[in-house]
Amino acid sequence: MKNILTGELVRLSALDADEIGRTFARWGRDSEFQRLLNSNVARMASAKNAQTWLEKELDEQPVNLHWFGIRKLDDDMLLGDIDLYVYNWSARDAFVGLGIGEREFWGKGYGTDVMKVILRYGFTEVNLKRVTLIVFEYNPRAIRSYEKAGFRHEGRMRGVLNKEGRRWDMLTMGILREEWMEQNK
Ligand SMILES: CC(C)(COP(=O)(O)OP(=O)(O)OC[C@H]1O[C@@H](n2cnc3c(N)ncnc32)[C@H](O)[C@@H]1OP(=O)(O)O)[C@@H](O)C(=O)NCCC(=O)NCCS
């Protein structure tokens with residue numbers, strides 16, 4: 001049977017607070033990474049603070065949050081993290097969010113691959129009906145990657161973001177279970 005946590009290039013892995021805390025603190029020093037990921041004001045955390053926060057988050061992780069590390073298959077390097085948050089169980093709708101913190105690995109197919117893995121996990125294991133995401137208009141790489149993974153454009157919140165002294169739109173995208181099944185026959 002196919003390993004549902006593994007793709008062509010990456011696998012989903014458990015998160016270790018020490019390792020990911022150190023790495024989160026390093027990735028957080030990259031202001032471009034923060035700009036692409038956070039709608040809020042850029043902030044930084046020390047490795048110790050990130051580890052303490054993560055330990056607590058991982059200990060108290062609710063059952064409707066499926067949060068993983070992203071590791072390269074060839075050398076097991078930690079590239080980023082991805083989470084699927086089932087925010088409405090009766091509608092079986094989940095939000096997905098991901099970040100590859102190692103910028104030399106942007107644009108090499110890892111993000112699309114891990115999104116395909118988490119969609120398969122969400123639809124075949126968690127039994128979701130749809131998956132939703134938000135992305136900023138100034139992130140064309142992410143938008144293209146999500147389109148490749150099968151997401152459709154659904155909406156646009158105009159001028160909701162404040163970055164670099166101007167306003168930007170936030171886009172919503174989604175994929176329905178039937179669409180995913182059609183794409184993965
Ligand atoms: C967004 C992210 C997950 C995408 O993963 P990735 O591995 O970089 O993306 P992929 O290589 O799988 O696909 C990127 C696609 O965008 C295209 N692309 C790259 N830069 C682009 C640009 N400036 N404009 C348009 N398309 C672009 C690539 O050519 C590729 O499409 P193609 O295969 O048709 O040629 C990753 O870049 C990332 O984590 N970035 C930093 C944080 C972030 O943006 N998180 C997402 C927040 S919503």
Task: For D113 against V10, the heavy-atom pair lying closest together - done: OD2-N, 3.1 Å
Task: Sub-4.5 Å side-chain heavy-atom contact between M173 and H153 - done: yes
- [ ] Answer yes or no on whether K108 is positioned over the face of F105, meaning its NZ or CZ is under 6.0 Å from the six-membered ring centre and within 45° of the axis.
- [x] yes
Task: Heavy-atom side-chain proximity of I4 to E125 below 4.5 angstrom - done: yes
Task: Side-chain heavy-atom pair W89, V126 within 4.5 angstrom cut-off - done: yes
Open item on the list: Does either side chain, that of W27 or that of E102, offer a donor lying less than 3.5 Å from an acceptor on the other one?
Closed with: yes
Open item on the list: My understanding is that only residues two or more places apart in sequence, or in another chain, count here; which of them pass salt bridge (charged side-chain N to carboxylate O under 4.0 Å, His left out) with R103?
Closed with: D30
Open item on the list: Distance alone, cut at 3.5 Å: any donor-acceptor contact between the side chains of Y87 and N64?
Closed with: no
Open item on the list: For the CD atom of E154 and the OG1 atom of T132, what is their distance to the nearest 0.5 Å?
Closed with: 6.5 Å
Task: Side-chain H-bond candidate by donor/acceptor type, R11 with S13, under 3.5 Å - done: no
Task: Check: V96 and L84 side chains under 4.5 Å, non-hydrogen atoms - done: yes
Task: Atom pair CD1 (I118) and CD1 (I82), whose distance is rounded to the nearest 0.5 Å - done: 4.5 Å
- [ ] Just do the side-chain contact (heavy atoms from CB on, under 4.5 Å) check on Y146 and L98 with the steps written out, would you?
- [x] CA-CA 11 Å; Y146 303 152; L98 82 160; 3.4 Å; yes
Open item on the list: Whether the side chain of T52 engages the backbone of K48 through a donor-acceptor N/O pair (distance < 3.5 Å, no angle test) should be reported.
Closed with: yes
- [ ] Without swapping roles, check the side chain of E137 against the backbone of L171 for a donor-acceptor pair under 3.5 Å.
- [x] no
Task: Interatomic spacing from CD1 in I100 to OH in Y110 - rounded to 0.5 Å - done: 9.0 Å
Task: Ion pair check, E19 and R22, cut-off under 4.0 Å - done: no
Task: Point-to-point distance, once rounded to the nearest 0.5 Å, from OG1 of T124 to CE of M181 - done: 10.0 Å
Open item on the list: Are there over 12 heavy-atom neighbours, none belonging to R141, within less than 6.0 Å of that residue's CZ?
Closed with: yes
Open item on the list: Is the shortest side-chain heavy-atom distance between W67 and L58 below 4.5 Å?
Closed with: yes
- [ ] For residues A17 and E55, report the shortest heavy-atom separation together with the two atoms involved.
- [x] CB-CG, 3.7 Å
- [ ] Give, for atom OG1 of T172 and atom CG of L133, the distance between the pair rounded to the nearest 0.5 Å.
- [x] 8.5 Å
Task: Q183, CD: over 12 other non-hydrogen atoms inside 6.0 angstrom - done: yes
TODO: Give a yes or no on whether R166 atom CZ has more than 12 heavy-atom contacts from other residues, nucleotides or ligands under 6.0 Å away.
DONE: yes
Open item on the list: Donor-acceptor check, side chain of R92 to backbone of N127, threshold 3.5 angstrom: yes or no?
Closed with: yes
Task: Q51 side chain vs D18 backbone, donor-acceptor pair below 3.5 Å - done: yes
TODO: For R167 and G159, indicate whether the former's side chain and the latter's backbone hold a donor-acceptor pair under 3.5 Å.
DONE: yes
TODO: Locate the shortest heavy-atom distance separating A25 from S46; write the atom from each residue and the value.
DONE: CB-C, 3.9 Å
- [ ] Could you grab the distance from atom CG of D83 to atom CZ of F68, nearest 0.5 Å is fine?
- [x] 10.0 Å
Task: side-chain contact (heavy atoms from CB on, under 4.5 Å) between L36 and F136, worked out - done: CA-CA 7 Å; L36 296 172; F136 309 153; 5.7 Å; no
TODO: Only counting residues at least two apart or in another chain, list the ones meeting salt bridge (charged side-chain N to carboxylate O under 4.0 Å, His left out) with R177.
DONE: none
Task: For the student: nearest non-hydrogen atoms of A142 and V135, plus distance - done: CB-CG2, 3.8 Å
Open item on the list: Looking at every heavy atom in both A94 and L128, which two are closest together, and how far apart are they?
Closed with: CB-CD1, 3.7 Å
Open item on the list: Would a single hydrophobic cluster contain both M115 and L176, if residues Ile, Leu, Val, Met, Phe, Trp and Tyr are joined by side-chain heavy-atom contacts under 4.5 Å?
Closed with: no
Open item on the list: Side chains of F151 and V131, heavy atoms from C-beta outward: is any pair under 4.5 Å?
Closed with: yes
Task: Residues forming a salt bridge (charged side-chain N to carboxylate O under 4.0 Å, His left out) with R144, sequence neighbours excluded - done: E147
Task: Test side-chain hydrogen bond (donor to acceptor under 3.5 Å, both in side chains) applied to T6 - qualifying residues, sequence neighbours left out - done: N3
TODO: Look at the aromatic rings of H66 and Y121 and report parallel, tilted or perpendicular, splitting at 30° and 60°.
DONE: perpendicular
TODO: State, yes or no, whether a side-chain contact exists between K56 and D59 at a heavy-atom distance under 4.5 Å.
DONE: no
TODO: Verify the cluster assignment for M77 and V114: are they in a single hydrophobic cluster under the rule of side-chain heavy atoms below 4.5 Å apart?
DONE: yes
TODO: List the atom of G111, the atom of S145, and the distance in Å for their closest heavy-atom pair.
DONE: C-OG, 3.9 Å
Task: Test salt bridge (charged side-chain N to carboxylate O under 4.0 Å, His left out) applied to E32 - qualifying residues, sequence neighbours left out - done: R35
Open item on the list: Tell me if a side-chain donor or acceptor on K163 pairs with a main-chain N or O of N40 at a distance below 3.5 Å.
Closed with: yes
TODO: Would you mind listing every ring-ring contact (aromatic ring centres under 6.0 Å, His included) that reaches into residues 166-185, with sequence neighbours excluded?
DONE: F123-W180, Y138-W168
TODO: Answer yes or no: does atom CE of M44 have more than 12 heavy-atom neighbours from other residues, nucleotides or ligands under 6.0 Å?
DONE: no
